Amino acid sequence: MAGSVPPRAWQRMLSGRRLDLLDPSPLDVELSDIAHGLARVARWNGQTHGDHAFSVAQHCVVVEEIFTATNPRAGAEERMMTLLHDAPEYVIGDMISPFKAVVGGGYKTVEKRLEAAIHLRFGLPSHPSATLKSLIKKADCIAAFFEATELAGFTPEEARRFFGQPRNINGSMLSITPLPAVEAQALFASRFAMLEAMRQQQKAGTA
């Protein structure tokens with residue numbers, strides 16, 4: 001229709017940034033917005049036991065812990081990309097896998113653009129290498145197994161079918177009791193700050 005206003009494609013963040021969803025700029029990415037948003041996005045569409053939703057922020061910390069335990073020689077940069085593996089969801093939310101399959105490639109395109117903007121904002125490669133992505137996915141599946149069985153009502157048999165059988169990791173090693181949003185937000189921000197300090201130390205050591 002002539003003269004019609006194009007649909008808004010940006011979101012205003014609490015930091016004051018306006019992030020364009022279709023063409024996101026690293027300059028409009030702030031860690032405070034990521035931590036705030038992820039702490040308020042529920043895993044499993046909120047269908048979990050507990051007084052609080054199990055947030056994507058807490059999930060990201062758990063995945064980073066698993067990744068570090070299973071890849072003890074990983075550097076701070078790899079650990080940071082693991083922590084940020086679901087960071088685009090602070091904008092687009094956590095869509096369960098069955099619905100992602102229905103939506104198709106459009107979701108993935110937006111997700112990859114956001115991932116690149118987030119990574120570039122923090123001085124990381126635009127995307128993890130294929131090898132690193134595979135290792136992150138393994139840690140992600142381990143986390144999903146325990147979330148599914150301990151929080152989301154899956155039987156162990158169902159969880160094994162969808163996520164595989166975890167090896168060398170058991171649920172008692174992980175902190176998956178759902179936290180209030182403000183605590184999950186602080187936990188994610190604190191882990192990011194720790195990894196950033198480690199990354200700077202490692203850079204200084206190789207300079």
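Just so we're clear, the structure is a prediction, and the values are computed from it rather than from any experiment.
- For the atom pair CZ (Arg161) and CZ (Phe145), the distance works out to 12.0 Å, reported to the nearest 0.5 Å.
- Taking the six-membered ring where the residue is Trp, His127 and His119 present tilted rings, their angle falling between 30° and 60°.
- Taking each heavy atom of Phe67 and Ala139 in turn, the nearest pair found is N-CB, 3.8 Å.
- Minimum heavy-atom separation, Ala53 to Thr48: CA-OG1, 4.4 Å.
- A side chain to side chain contact (heavy atoms under 4.5 Å, CB included) with Leu120 holds for exactly one of Ser126, Pro24, Ser25; it is Ser126.
- Taking all atoms of both residues into account, the shortest heavy-atom contact from Glu115 to Pro88 is N-CG, 3.8 Å.
- For Ile176 against Glu150, the heavy-atom pair with the smallest separation is CD1-OE1, 3.5 Å.
- In this structure, the side chains of Leu14 and His36 come closer than 4.5 Å at one or more pairs of heavy atoms.
- To the nearest 0.5 Å, atoms CD1 (Ile34) and CG (Leu84) are separated by 6.0 Å.
- Glu64 and Thr68 share a donor-acceptor pair across their side chains, judged by distance under 3.5 Å alone.
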Step by step, work out the salt bridge (Lys or Arg N to Asp or Glu O under 4.0 Å) result for Glu77 and Lys203. CA-CA 10 Å; Glu77 182 170 282; Lys203 282 184 178 180; 5.7 Å; no
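- Between Lys133 and Ile136 the shortest side-chain heavy-atom distance does not fall below 4.5 Å.
- Counting heavy atoms from C-beta outward, Thr149 and Thr155 have side chains that stay 4.5 Å or more apart.
- If you chain together hydrophobic residues whose side chains sit under 4.5 Å apart, Val63 and Phe54 never meet in one group.
- In plain terms, the two heavy atoms of Pro178 and Leu151 that are nearest each other are CD-CD2, 3.9 Å.
- Leu179 and Val182 sit in two unconnected hydrophobic clusters of ILVMFWY residues. Membership requires side-chain heavy atoms under 4.5 Å apart, directly or through other members.
- Among all heavy-atom pairs drawn from Pro180 and His52, the shortest one is CG-NE2, 3.6 Å.
- Between Phe154 and Phe163, the ring planes are tilted. Angles from 30° to 60° get that label.
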side-chain contact (heavy atoms from CB on, under 4.5 Å) between Asp33 and Leu19: does it pass, once the steps are laid out? CA-CA 11 Å; Asp33 293 328; Leu19 184 67; over 6 Å; no
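- Side-chain atoms of Pro125 and Met81, non-hydrogen and from C-beta on, do get closer than 4.5 Å to each other.
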